[in-house]
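Please read the structure below before turning to the comments.
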Amino acid sequence: MSLDIKICGLKTAETVAAALDGGATHIGFIFFPKSPRNIDPALAGYLRRAAKGRAKAVAVTVDADDVTLDGIVAAMQPDMLQLHGHESVGRVLEIKARYGLPVLKALSLRDRADLDQIGPYSGVADRLLLDAKPPAGSDLPGGNGVSFDWKLLGALDASIDYMLSGGLNAGNIAEALRATNARGIDISSGVESAPGLKDVSLIKEFFRAAGVAKGAAAA
Ligand SMILES: O=C(O)c1ccccc1N[C@@H]1O[C@H](COP(=O)(O)O)[C@@H](O)[C@H]1O
């Protein structure tokens, strides 16, 4: 089984290198001022150039308008846009047409009824990112380090391609892969020593655990 691995919320050359050395297929940069992982588009552009050809660079935005997206796309030249807000199906189509970039649309889940969001975006977004709903009072739509009940995803058609996120870490990645058909995983706070502070040793530990989990799934 091939598994895409996205390390999200990177801000330094050292942690980008750790993600690439570990085998990340995607590296994510957050453009959301309330986030401790928020990054300047020019710095993201500098960091992503180091990854050219090694991993896809993903720009993560939240209900961003065209002016904001224009600035990010020009400065960073991402390979993919992650839309992590309440972007409608129509807005996803508009963004795809404007930038000609693949879109990873995040949907937040807590219970079975939340799965109804998936149908309208299938075939519109290039890929779905299934994340947990933020806890009450959180300022962040993602990056909260909380999981949802992965058993919910058992109800999904096996053909649906999604990345799984929300509270993943070295300790639970094996269980997450056993419980779901995720073809990709996305992790942020699970490889941090404090909010917004990525930790090289935690990144290494995560890749070790994900490798073991993948091996067990293939056996
Ligand atoms: O990480 C953030 O601060 C963030 C801010 C705004 C939108 C999305 C954000 N992060 C995304 O959320 C997932 C899950 O994070 P975690 O692993 O539970 O901490 C993360 O992978 C980002 O794509």
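Treat the numbers as computed from the prediction; the structure is a model and nothing was measured. Ligands are counted one by one from 1 in listed order, and the atoms in each one are counted from 1 as well. Just so it is clear, the values below take in all heavy atoms, side chains as well, and ignore hydrogens, waters and symmetry mates.
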Check each atom of ligand 1 against the heavy atoms of [X] and keep those under 4.0 Å away; list them by number with element.
X: Gln82; answer: 23 (O)
X: Val62; answer: 6 (C), 7 (C)
X: Ile30; answer: 1 (O), 2 (C), 4 (C), 5 (C), 9 (C), 10 (N)
X: Asp131; answer: 12 (O), 13 (C), 14 (C)
X: Pro141; answer: 6 (C), 7 (C)
X: Lys6; answer: 23 (O)
X: Gly167; answer: 16 (P), 17 (O), 18 (O)
X: Cys8; answer: 21 (O), 22 (C), 23 (O)

Any carboxylate oxygen within less than 4.0 angstrom of a Lys/Arg side-chain nitrogen, looking at [X] and [Y]?
X: Asp4; Y: Lys56; answer: no
X: Glu192; Y: Arg37; answer: yes
X: Asp131; Y: Arg110; answer: no
X: Asp126; Y: Lys96; answer: yes

Run the salt bridge (Lys or Arg N to Asp or Glu O under 4.0 Å) test on Arg91 and Glu94 for me, step by step, so that the C-alpha distance in whole Å, both residues' side-chain angles and the decisive distance to 0.1 Å come before the verdict. CA-CA 5 Å; Arg91 180 67 178 142; Glu94 241 172 52; 2.7 Å; yes
Taking the side chain as everything from C-beta on, heavy atoms only, tell me whether Met76 gets closer than 4.5 Å to Phe29. yes
Measuring only between side-chain heavy atoms, which start at C-beta, is Val60 closer than 4.5 Å to Lys6?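 With C-beta onward as the side chain, the pair touches.
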Decide whether an N or O pair under 3.5 Å exists between Gly145 and ligand 1.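 Yes, Gly145 has an N/O under 3.5 Å of an N/O on ligand 1.
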Between Gly143 and ligand 1, is there a nitrogen or oxygen pair with a distance under 3.5 Å? yes
What residue and atom, counting heavy atoms only, is the protein's closest point to [atom], and at what distance?
atom: atom 1 (O) of ligand 1; value: Arg37 NH1, 3.1 Å
atom: atom 4 (C) of ligand 1; value: Gly142 O, 3.3 Å
atom: atom 16 (P) of ligand 1; value: Ser189 OG, 3.6 Å
atom: atom 17 (O) of ligand 1; value: Ser188 N, 2.9 Å
atom: atom 21 (O) of ligand 1; value: Asp186 OD1, 2.8 Å

Check whether Asp79 reaches the backbone of Ala57 with its side chain - one donor and one acceptor, N or O, closer than 3.5 Å.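 Yes: the side chain of Asp79 pairs with the backbone of Ala57.
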The reported gap from CD1 in Ile203 to OG in Ser201 (rounded to nearest 0.5 angstrom) is 8.5 Å
Heavy atom of Gly166 under 4.0 Å from ligand 1?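 The answer is yes: ligand 1 sits under 4.0 Å from a heavy atom of Gly166.
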Identified side-chain contact (heavy atoms from CB on, under 4.5 Å) partner of Leu81 from the options Ile72, Val73, Val92: Val73
